[in-house]
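Worksheet: one structure, shown below.
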Amino acid sequence: MPELPEVEIARRFVRDRLIGKRVTSIDVLDSRMLARSSERSMRAAFLERTVDDAIRHGKNLLVKIGDDHLYLHLGMSGSLHMVDEDGHTSHERLRLGLDEGALVLDDPRRFGRFGLYHDIEDMLADKGLGPDALTVSDKEFVSRMAGRKSSIKPLLLDQGIIAGVGNLYADEVLFQEQLHPATKANAIARTDMARLGKRIRKVLETSISVRTDFSRLPEGYLLRDRREGAPCPRCATELVVIRVGGRTTVLCPSCQSQRAER
DNA sequence: GAGTATGTTATATG
DNA sequence: GCATATAACATACT
């Protein structure tokens, strides 16, 4: 589930359901998913403390518990659930028992991560994250992209430049801006780059507003039917699939013209 | 069995 | 350091 909008929905879930609850138990069910932390240190920091806040930066979630933060990354297939005391999910990897119910991180593919950070700054520095994609200014976005020679799509996916855009939303924003994903960043005019920055925020906000249900996205969104051969929402040409930066990329060969500089 | 998947990181090469 | 490519991680699904 997880790009920025999905993680924002998860953040709101934690905020609405967990704040004020007390942590009564911690069970690490897959130690391979521990990120630079130990179950023991997590217990010492979180047990008998109260959940205060839920913060998101890019695709990363921090749950403030007492004076420390529980770090959660959903990877490719992670999801959060509230269950009863005796309830379970099929791929439970971390369980946070609360005075009422429990929070479970379920993740079949185990690409998710969890652990302990003292504060946000520690996490940002450790992960080397750029500014959050939802709140970065156009000016900052343009300046962080300036002078880059790579193709635009891999740059959008680079969490160190801006944090939160993943493969699907990268395709969406490039489609809406009619930019070919392999366009070199230094071939994009400043004004077009600023427009792309705006588009990123708009698309992410829109997805959050429909709770990331792609079928409820406005007409004209690629994500409503993102697959090879589907009709382009703008011109009905059949969409094609290529690989850019090693990632599957869906685009309209007619709307997203290949630019000379590539 | 082959191929692919919303992510990240390590490694290698130029 | 930058740019690019590839593999690896682990599992589910077509």
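Order of the sequence lines sets the chain letters (A, B, ...), proteins ahead of strands, with each chain counted from 1.
For the pair R227(A) CZ and dT6(B) P, the interatomic distance rounds to 16 Å; values are reported in whole Å. Rounded to whole angstrom, the span from the CG atom of D158(A) across to the C1' atom of dG7(B) amounts to 13 Å. Atoms NZ (K127(A)) and P (dT8(B)) sit 9 Å apart, rounded to a whole Å. The interatomic distance linking L61(A) (CG) with dG7(B) (P) rounds to 16 Å, in whole Å. Rounding to whole angstrom units, NE2 of residue H57(A) and C1' of dG7(B) are separated by 16 Å. Taking atom CZ on R247(A) and atom P on dT8(B), their separation rounds to 8 Å, with Å as the unit. In this structure, the NZ atom of K153(A) is 16 Å from the C1' atom of dT4(C), given to the nearest Å. One can place CG of N60(A) at 18 Å from P of dT6(B), the figure rounded to the nearest angstrom.
Distances shown here put every side-chain N or O of K184(A) at or beyond 4.0 Å from the OP1 or OP2 atom of dA3(C). Remark: Q159(A) is in phosphate contact with dT8(B), judged by side-chain N or O atoms under 4.0 Å from OP1 or OP2. Close to dG7(B), at under 4.0 Å from its OP1 or OP2, lies a side-chain N or O of K59(A).
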Step-by-step salt bridge (charged side-chain N to carboxylate O under 4.0 Å, His left out) determination, R15(A) to D53(A): CA-CA 6 Å; R15(A) 179 196 63 190; D53(A) 202 2; over 6 Å; no
In sequence, state the C-alpha distance, the side-chain angles, and the governing distance for S38(A) and S41(A), and then conclude on side-chain hydrogen bond (donor to acceptor under 3.5 Å, both in side chains). CA-CA 5 Å; S38(A) 66; S41(A) 65; 3.1 Å; yes
Assess whether salt bridge (charged side-chain N to carboxylate O under 4.0 Å, His left out) is satisfied between R32(A) and D30(A), documenting all intermediate values. CA-CA 5 Å; R32(A) 289 174 296 185; D30(A) 188 326; 3.3 Å; yes
Please evaluate residues R201(A) and E205(A) with respect to the criterion salt bridge (charged side-chain N to carboxylate O under 4.0 Å, His left out), reporting the C-alpha separation (whole Å), side-chain torsions for both, the decisive distance (0.1 Å), and the verdict. CA-CA 6 Å; R201(A) 295 197 303 276; E205(A) 280 165 9; 5.4 Å; no
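For the 3.5 Å distance criterion, the side chains of S77(A) and D107(A) qualify, holding a donor opposite an acceptor. Residues K21(A) and T50(A) bring no donor and acceptor atom of their side chains to less than 3.5 Å of each other. S79(A) and H81(A) share a donor-acceptor pair across their side chains, judged by distance under 3.5 Å alone. Y117(A) and D68(A) share no side-chain donor-acceptor pair at under 3.5 Å.
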So if I define the base as every atom that isn't primed, P, OP1 or OP2, how would nucleotides 8-14 of chain C read as a B/S/- string at a heavy-atom cutoff under 4.0 Å? -BBBS--
Validation: residues 128-136 of chain A side-chain donor-acceptor distances under 3.5 Å, sequence neighbours left out:
unit_1, atom_1, unit_2, atom_2, d
D132(A), OD1, R56(A), NH1, 2.7
D132(A), OD1, G58(A), N, 2.6
D132(A), OD2, R56(A), NH2, 3.4
D132(A), OD2, L134(A), N, 3.1

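Put simply, the side chain of E6(A) gets close to the backbone of E3(A): a donor and an acceptor are under 3.5 Å apart.
Heavy-atom nearest nucleotides on DNA chain C were determined for G246(A) and for R148(A), and the one closer to the 5' end corresponds to R148(A).
Residue R243(A) is in sugar-phosphate contact alone, with no base atom involved, counting any heavy-atom pair closer than 4.0 Å across all strands shown.
When each of dT6(B), dT8(B), dA3(C) is scored by its nearest atom to the side-chain atoms of K149(A), the top-ranked nucleotide is dA3(C). The L168(A) side chain lies nearest to dT6(B) when the options are dG7(B), dT9(B), dT6(B).
With a cut-off of 3.5 Å on both pairing distances, dT6(B) has no Watson-Crick or G-U wobble partner at all. Applying the Watson-Crick and G-U wobble criteria (two distances, each under 3.5 Å), dA10(C) pairs with nothing in any strand.
For the P atoms, the distance from dT6(B) to dA3(C) is 24 Å, rounded to whole Å.
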With the criterion being N/O to N/O and under 3.5 Å, what pairs connect the protein with nucleotides 11-14 of chain B, and how long is each?
none

